[in-house]
Structure formats: C-alpha cells, structure tokens
Amino acid sequence: MQPVTASVGAPDLKDRLDVLLTYLPSFLSSHGEIVSAVFLLIVALAVLLGVSVYVCLAVWLERKISADMQDRLGPMRVGWHGVVQMLVDPVKLALKEDLCPGAADRPFFMLAPFVVLAASFATFAVMPFSAAFILADLDIGVLYVASVGAGVLVGLVMAGWASNNKWALFSAIRTIAMLVSYEIPVGLSIVTVVMMVGSLSTQKIVLAQLSDAGMAGWHLFRFPPVFMVSFLVFFIAGLAEVNRTPFDLAEADSELVAGFHTEYSGMRWSFFFLAEYADMLIVSMLGTVLYLGGWAPLTVTRPLTIDFWVFWGMAALLAWYLHWLWTRIYLPRGEYGLIVVQTAILIAIALALLVVPSLAWFLIKSLALIFVMMWLRWTLPRPRIDQLMYLCWKVLIPVAFVNLFVVGVMRLYWR
Amino acid sequence: MSGIVDQVQRQKALKTDRMTINMGPQHPSTHGVLRLLVTTDGEIVDHVEPVIGYLHRCKEKIAENLPYYQFMPYTDRLDYLAGMNNNWAWAMAVEKLAGVKVPERAEYIRVMFGELNRIASHLVAVGTFGLDLGTFTPVLYCFHEREKILDLFEATCGARLTYNYYRIGGVAKDLPDGLVTKIREFLDPFEKRIDELNTLLSENHIFVRRTANVGVFPPALALDYGVTGPSLRASGVPHDLRRAAPYSIYDRFKFEVVVGRGEKGTVGDTWDRYDCRVREMSESVKIVRQCLDGLPDGEVRTKLPAVFKPPKGHVLFKAENPKGELGYYVVSDGSPKPSRVHIRGPSFCNLSIIPAVCRGVMLADLVAILGSIDIVLGEVDR
Amino acid sequence: MVTPREIHDRLKAQFPDDVGDFVEEPVEFFSEVKPAAVGRVCAFLKEDPELSFNYLVSISSVDLTANLAAVYHLESMDLESGRTRHAFVMRAQAPRDNPVIASVATVWGTAIWQEREVYDLMGITFEGHPDLKRILTDDDWVGHPLRKDYVFPKTYRGIDLE
C-alpha cells in the first residue's frame, strides 16, 4: 500500500481557502450584521480620512483665497503654489510639544479636543454623499445632526474652563451664550424643510428635491422667497454655530487672545482646528442637503433642455456680478486676466456637469458654500457680543418663526 | 410657587464677583507692550488701569549725555511709525533755541517728508484699527500703500523706519534724481485707494455699529487730559498746530483742518477718530502736491560749527505729529550738550484718558477705543 | 490775546505772597511760583473766565542743582475755533532735600500721569496727588534717573546691567 501523499494528510493552503470560500458566503449571508458592521467600519474610516484630507485642503485653500483677496501670494515655497503645504502643516503640528499648564484641570484639558473632534466627526454618519453612499440613513437624520453637533459645545466649554485661563473662561462663557442661542434659528429653519418634506431623514429630503425641472426643484427655489429666507437664516446662524468670522467671538483674537484654545499647542490645538473646518463642512453639507438638492445634479434628467440654457444664462450673469463685486472690493488693480480665468472655469464646470457623478455634485455644492464662508471671513469685521445676541434673538428668531408659520399655512393648503 | 421663590433666593445667594484680568503686556491688540489692568463685571469693564514703562529707555537722560546733533537718531525711536516728524520736531526745537535759519529748499523737503510720513503713520493706524475690530484685509491694503512711501524714504535716506534724515539747520542731503516724479506717481492713484478703503471698512455696517457712539470723548474732557492730534479734532475741536501756530512754512499751504462731524453717531466717537485719520490723509496729499509744485532750488543745509553750542536758555517747541502734539522742552546751559530735554509724547497724554472714558464699556469696546487713540509704545514709554 | 507779562501781573495781584518774579529769558518768559501755592494758582488760572487755561501742555522737571524745579506750560484754547488764545509758563522750585510741590492733578486730568512721570524720574513729590507712584520705571527701582547726581545701578534683581 502506497503511503498517502502529504496533501491528503494535512490540508494545504489551497484547501483551506477552498473551505473558506465554500462556507463563508453562507456564513455571512446568515450573519448579515457582521458584514454590515465591517463594511461600515471601513467606510467610516474612509470618511474620517476623507474629512482629514479635506481639512488639509481647506486650510491651503483658505490661505490661498485670503491671499488673493488681500493682494498677496500666500504660500508659494513648498511645491507648486504651496500645494505641499497641506501635507507639511499637519506634520509640523504633530511634531510640536504638547503643553499642559500646571494650574489646568489636567484630565478635562486633555480630553476636551477629543470631545470636540468626536462630536463633529460623528455627524458625518447621516450625510447622504450620494444615492447609495450614506453611512446611516436614520429616520431622525436631521435631528441627529443638530443634537450630536451640539456636543461640540460641551468640548469647547470644557476646554475653556479646564485651561484655568481668564481669557479662555471668557471664551467659554461666550461660547455657551452664543451656541445655545443660535441653535434656535438653525432648528427653526430646519423645521421648515422638514415640514415640507414630511421626514427627518436626510436621504428623503434630498429625494424630495429631485425632479425633471432640475434646479427649480430645490427647496431654495421653491415658493420664493419663503425658503430663500429660511436658507439665509440657516446660513447666518450656521456661521455662528461653527465659530467662523464674523461670528468668531469665542476665539476673537483681538479681544480674547485665542479664546478657549489659548493654552493648547501641537496636536491638541490642531484637533480644534480640524473640528472647526469639519464643522464648516457639516453646515455646508446640511445646507446643501436641505436647500440645494443634496447630491442631485443641477439638471437631472435632460441636460440639454431649455432649463439648461436658462441655468447657464443665470450662471453667466452671476459670474459677471461676482466679478463686478470682486473688482469693487478685492481686486481694484483691474486684472482682466481674471475674466478669462473665470470663463475658463465656467466652461470646465459646464463640461464636468455632463459627466460628474452625484458624489462630486454634493462636494462641489458644499465647497461652494465653504468658499462663501471664507469670503465673508476675509471681508467683514466682528460684531460685539451684545450685537450678536441682538441679531439672534430679535432678528433671526422672529424671522424664522414667521417663516415657519408661512410654511405651515402653505402645507395646509398645497399638499 | 415656592419653587420659584426658592430659585430667586438661591440666585440671590449666588456669589458674584468682579474679575481682574491682565490685558497685556503680551496681547494681540495692545499695540505693543502696553498692559491694561482691567476689572470686569462679566463682559463689562468696570475699571481700567494702564500700566506702562515696559519700553522705557530714559531717552531724556540719554539726551543729556549727547551733543545736540547726535540725539537725532534717538528721536526716530520715539514714535517709530513717524520718524521723520520726530526728527523734524527736534531739529526745530534746537533751531528755535539757537536761532538757526533753514534754507528754503530744506523747508519744502521737510514739509513734504513730514506729510508723507503722516500718511504712512495714519495708514498703519487705520489698518490696525480694522485688525482690532476683527477684519484682516484692510491692514494689508494699508501696508501695501505704506510700503510705497517707505520705498520713497529708502531712496532718499537709505532707511525704512528710523530715518535720521533731518539735521539741525536743514536735511542730511538733497533729494535723489527722479524722486519728485516718483512721489507724483505715488500720489496720483493713492486717493483712489482711500475711496477703496472707505467701501471696504468705513461704510461697512458692522464696522459702523462697532464704532459709532462708542467711546465718546467730550471736547472739554479730551483737552483736560491733554488729548491732541486727530483724537482731539475728532471731538470737534479744530486745533491743528499747522494752522493754529504755523511753524516751518505751513502758512503757505492750503489745506483743511479735519474735524469730527458725528456723521454716524456722536461727535468724538470712535468712528470719528478713525474717519479723521482717513480724511487727514487726503489733506496731506494736498500739502505734498503743493510742496512739489513750489519746490525751489538751492542749498538744503545751513553750515553750523562742528561743536554746536546754543546760547543759554530754554524752550518748549511743539509740532503737530501724526499722533498729536510732540513737544521738546530743551534747556541749554551754553555747553555742547543739552542740560535737560523733556519730551512731551502725544501718545503718553492721549493714553491717559483711557481710565476716564472706559468705565462701563464692553471688553470689545475697550479694544476699539484703544485702537482708535492710535498709540505707539515707543513714545508712551520713551 | 493776553501777554505773559499781563497774566503775571494779574497773578501777582491775586496771590501777592505766592507769585515771585517774572523771568525774561531769551526765548521763553516765565513766572516763578512758590511750590506750595501751585495748586491754588493753577486752579485760579483754570477757573478765571478771562484766562481759562484749559490745556496743560506739559510738566517738565529740571534739576537746578540746589533746587528741583517743575516747569508748567499752559495754554488756553478756544474749543470752537481751535485757536490758542494765550499761553503761559510758570516754574516752581522746591529744595533738593525736600522736593514737595502742590499737585494740580485735580485741576487737569493730564497732570495725573505727568506728575507721576516727574515723581518717577526726578523725585519731586506732589502733595495731593490721588495715586502718586512710579510710572515708567519699575515699582522697586531705586533713585530718580533724571537727577544730575544719579548713579546708574550695576545690577537690578540679579541682572548684570553693565
């Protein structure tokens, strides 16, 4: 009797793989929750990475855009027009010493940046990046964003209090007053959209804006001017929510040195930075979802119909207007090359319009809103804290309430 | 019901206290090493006590140990944003004491550079004031223009900040070739830049809300605290030494004394102080143009002995600097070195009004008021 | 327009014991005033409707070896037209070993800081000043630098100054 071959006795790698491939599908199909968990983990990491990359990009963009508005060059040394700067900056921050003041409340001081970061990153879970790409299509999606996003406040107050620095304390007090107040107009404007759609799910809100009419189906352009007002209230209050100039009173550098992050350095400081830019993206994305059709392309089904040309007519007008504004405010040196560049960009966008997928649309719209935020930052001075409160309680909230009432009446009679 | 009563009781029992906070000497908007000891009730400022002297070099003692000529470079370091004007005031003080005549061409050159430096100083004041209010862009626009003025100075005397260009009896040397054309090239587009600044900052709604009716200096109070220059004129007092007591050749030029009009709020508020500086730049442009038109040929410096001994006596000479009235009180005992020099720094006097006007304002207003006074710590601390 | 000589004569009539000579030096004329009387003389100069010296330009201190002096430059300004109506200079001398001059801090606000500066650098004590302390040098600085016999310290808080 011939001795059995080795392959029979001990199963080699190939056999093991065979076994795995034979049984895994049935195992996974009977334990679907594991698949989705692993898949979600991978996607969540991808989003985390994506947001971090976006922050690096946004910082570079902010520096370049501000430089352009201020008649200077901005970063030019590291790579082409300083592009590599966005890689070098995080490295520099990571290498810096992590300081903690002796008199600070150490555990809370150390924890605060992570609370802020976690709260702002968690909100990306319900962002509908495209028709299929959404981490968790919760039925309470919008409510989730509003409530989890408020966790940022906790982190900021923690940082301000634990620093044991009077400027940081001022900042913490301002943060509480400001963020709590501005939650109200944001919430009220979100409710107008929710009432119109009849759902809190972010994906359903986007789907409700899809139509053959393209842009005309977006909430922003429906029943003008009701949702335009709603969008304006949302955007202004959103700016205050994310602590951006002109509403950056919590970190007002000319008054409070640096506010709650006065005592932070290195990586921990950069977490606040990361969270601020992530928050900007959240507000922009939420604005896009609620009012600008989310991932919906500008023209939904028939790219070359009349509304396509109407849109481009509008876009050209807008570009001309922006350029006029630009020359008036930012580039009085009369650089006509800018018009050429703008036209080229418009043509490039026009071509891209026909091919880009919905994910890209979502990002383009959000980044456009972020550009507006940067534009405002480098133009406007900062109001005083009482003026900011006045704006919230005596202007934005009444306007939002009237708007809400109008939408309620509309909802009664039109649907 | 009793719950509410309890709550009110508890609120009454809640201990509240004033907080003392150090603003400076390292703070982004104290314009140097000024320290403000601020007592606040929440965001509201209860009491401010400026603490100065962090940049004290005792220039007055230095002056006693140097010949009259050699003190000139030290004056540059007083108000280091307006070195030309400081040089000029020192030269005129000694000239008045010793009765030195200055050649015609030198007078024109002095007025011209004095006014250009006034524009440069006001540009910094206006730009950094925007910075204090949280807008970053105007300061770079202002520095862009200031850079061009500094280029003109560099072409003339080789320095961009501390010029040491004026001399007792004239100026160090004549203008380089082509500078007159260069100055004209700077002036022509400059007035448009001021309009641009107005659209970006002066008329901005948030800016006006932040500055109008904030930190009003009543004229009598301002004068009581020795506030001079644009800060006094903003309160509606048209006091300008160039017009009130014309020194040098200022009586030959046509220009307007800019006064605060209370256009956006009350006369003498923060907006007016800002606005006065903006409008004063246009007036300085007018004076520089008239200088260029009337610039005569000739010598630029009177020959004086190497060992210069003014006669015994004393004088207080005041000149209208960008920040206010700079005065040199010089006592001569007939030796080559001054027996005593006292410097009346406009920033020093202007700053002293802060405790009187900053009661009950918001913390952010304190920054705005401080920025609108436009101090330079080199002159406050001397 | 009132000349310094006329102002001096008015002061002399008002305060015969406190106001001394009128000194005419080549460039500037000034009146000598007794140190203890500076406060009331200045109050009169400010309150008098005709004189109304509302602007104290500067207080300069001078070391006259035997005495320490404070020189007051005063101006009367018309708030409407911004013109200087008249100007006046007065000097108060106090003995070196006990340099005390009456304060004018309650008369003009600007004197609060200017007198502190004179006190700090020249060591003249102003009687009646609400908060007389050093202003430009440190609180624990020794000596008054502008005096002619001032010796510059070799060290300060352990810092080598040479």
Side-chain angles (χ1 to χ4, degrees), chain A residues 62-63 65-74 165-171 173-174 176-178 236 243-259 262 325 327-334 374-391, chain B residues 19-24 26-31 38 40 42-45 127-145 147 189 192-202 204-211 214 274 361-368 370-371:
Chain A
E62 175 116 57
R63 292 174 75 175
I65 288 170
S66 67
D68 205 26
M69 288 174 176
Q70 293 165 349
D71 223 356
R72 58 192 174 88
L73 290 172
N165 175 319
K166 286 173 183 176
W167 296 114
L169 182 65
F170 264 122
S171 164
I173 295 167
R174 280 186 180 186
I176 298 172
M178 217 169 87
I236 293 173
N243 262 330
R244 282 289 288 188
T245 322
F247 303 131
D248 64 338
L249 278 100
E251 47 191 288
D253 56 332
S254 60
E255 296 154 28
L256 304 186
V257 189
T262 307
L325 268 183
T327 45
R328 249 183 97 76
I329 302 172
Y330 296 123
L331 283 178
R333 317 289 183 263
M374 291 179 178
W375 188 5
L376 289 174
R377 173 170 178 184
W378 299 108
T379 312
L380 296 176
R382 180 188 303 125
R384 215 165 48 203
I385 183 80
D386 58 324
Q387 290 164 352
L388 196 75
M389 287 299 165
Y390 179 93
L391 178 71
Chain B
M19 182 159 88
T20 304
I21 185 162
N22 263 314
M23 196 163 157
Q26 285 92 26
H27 187 279
S29 52
T30 50
H31 295 249
V38 189
T40 65
E43 284 263 348
I44 295 166
V45 174
T128 50
F129 183 51
L131 211 55
D132 288 340
L133 295 179
T135 174
F136 198 81
T137 305
V139 72
L140 287 151
Y141 278 35
C142 290
F143 270 65
H144 199 280
E145 294 306 310
E147 224 35 43
K192 280 186 208 138
R193 300 283 172 273
I194 297 178
D195 294 340
E196 186 187 308
L197 186 73
N198 283 335
T199 38
L200 185 61
L201 199 58
S202 318
N204 183 304
H205 184 71
I206 299 176
F207 180 78
V208 172
R209 286 289 296 274
R210 276 296 303 278
T211 53
V214 169
Y274 159 85
V361 299
M362 305 279 286
L363 200 64
D365 290 338
L366 178 62
V367 171
L370 191 67

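So that the names make sense, note that chain A is the first sequence line, chain B the second, and so on, each numbered from 1. A quick note: this is a predicted structure, and the numbers were derived from the prediction, not measured.
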Could you tell me which non-hydrogen atom of A:F170 sits nearest to which non-hydrogen atom of B:M19, and how far apart they are?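 So the minimum-distance heavy-atom pair works out to CE1-CE, 3.5 Å.
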Contact summary for A:P246 and B:I206, nearest pair of heavy atoms: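 Nearest heavy atoms, A:P246 then B:I206: CB-CD1, 4.4 Å.
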Check step by step if side-chain contact (heavy atoms from CB on, under 4.5 Å) holds for B:T137 and A:T379. CA-CA 7 Å; B:T137 305; A:T379 312; 6.0 Å; no
Is the backbone of B:N22 close enough, under 3.5 Å, to the side chain of A:K166 for a donor and an acceptor to pair up by distance?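 A pair under 3.5 Å: no.
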Do side-chain atoms of B:E43 reach the backbone of A:I385 as a donor and acceptor pair under 3.5 angstrom?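 The answer is no, because no donor-acceptor pair under 3.5 Å joins these two groups.
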Chain B contact via A:R377 - side chain, backbone, both or neither, heavy atoms under 4.5 Å: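 A:R377 has no heavy atom closer than 4.5 Å to chain B.
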Picking from B:T40, B:L140, B:L131, which has the most non-hydrogen pairs under 4.5 angstrom with chain A?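 The answer is B:L140.
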Please classify the contact of B:V214 with chain A as side chain, backbone, both or neither, using a heavy-atom distance under 4.5 Å.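 Side chain only.
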For B:D365, which residues count as a side chain to side chain donor-acceptor pair (under 3.5 Å) partner, sequence neighbours excluded?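 B:D365: side chain to side chain donor-acceptor pair (under 3.5 Å) contacts with A:R384.
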Where does the angle between the aromatic ring planes of B:F136 and A:W378 fall among parallel (under 30°), tilted (30 to 60°) and perpendicular (over 60°)?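 Rings of B:F136 and A:W378: perpendicular, over 60°.
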Please determine, among A:L169, A:I173, A:D386, A:V257, the option with the most heavy-atom pairs under 4.5 Å with chain B.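 The candidate making the most pairs under 4.5 Å is A:V257.
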Drop me the distance from A:R382's CZ to B:F207's CZ, to the nearest 0.5 angstrom.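 The CZ atom of B:F207 is 13.5 Å from CZ of A:R382, to the nearest 0.5 Å.
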If you round to the nearest 0.5 Å, how far is NE2 of B:H27 from CG of A:L256?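 A:L256 CG to B:H27 NE2: 7.0 Å, rounded to 0.5 Å.
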B:F143: ring pair (Phe, Tyr, Trp, His ring centres under 6.0 Å) partners, not counting sequence neighbours: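 Scan of B:F143 (ring pair (Phe, Tyr, Trp, His ring centres under 6.0 Å), adjacent residues dropped) gives none.
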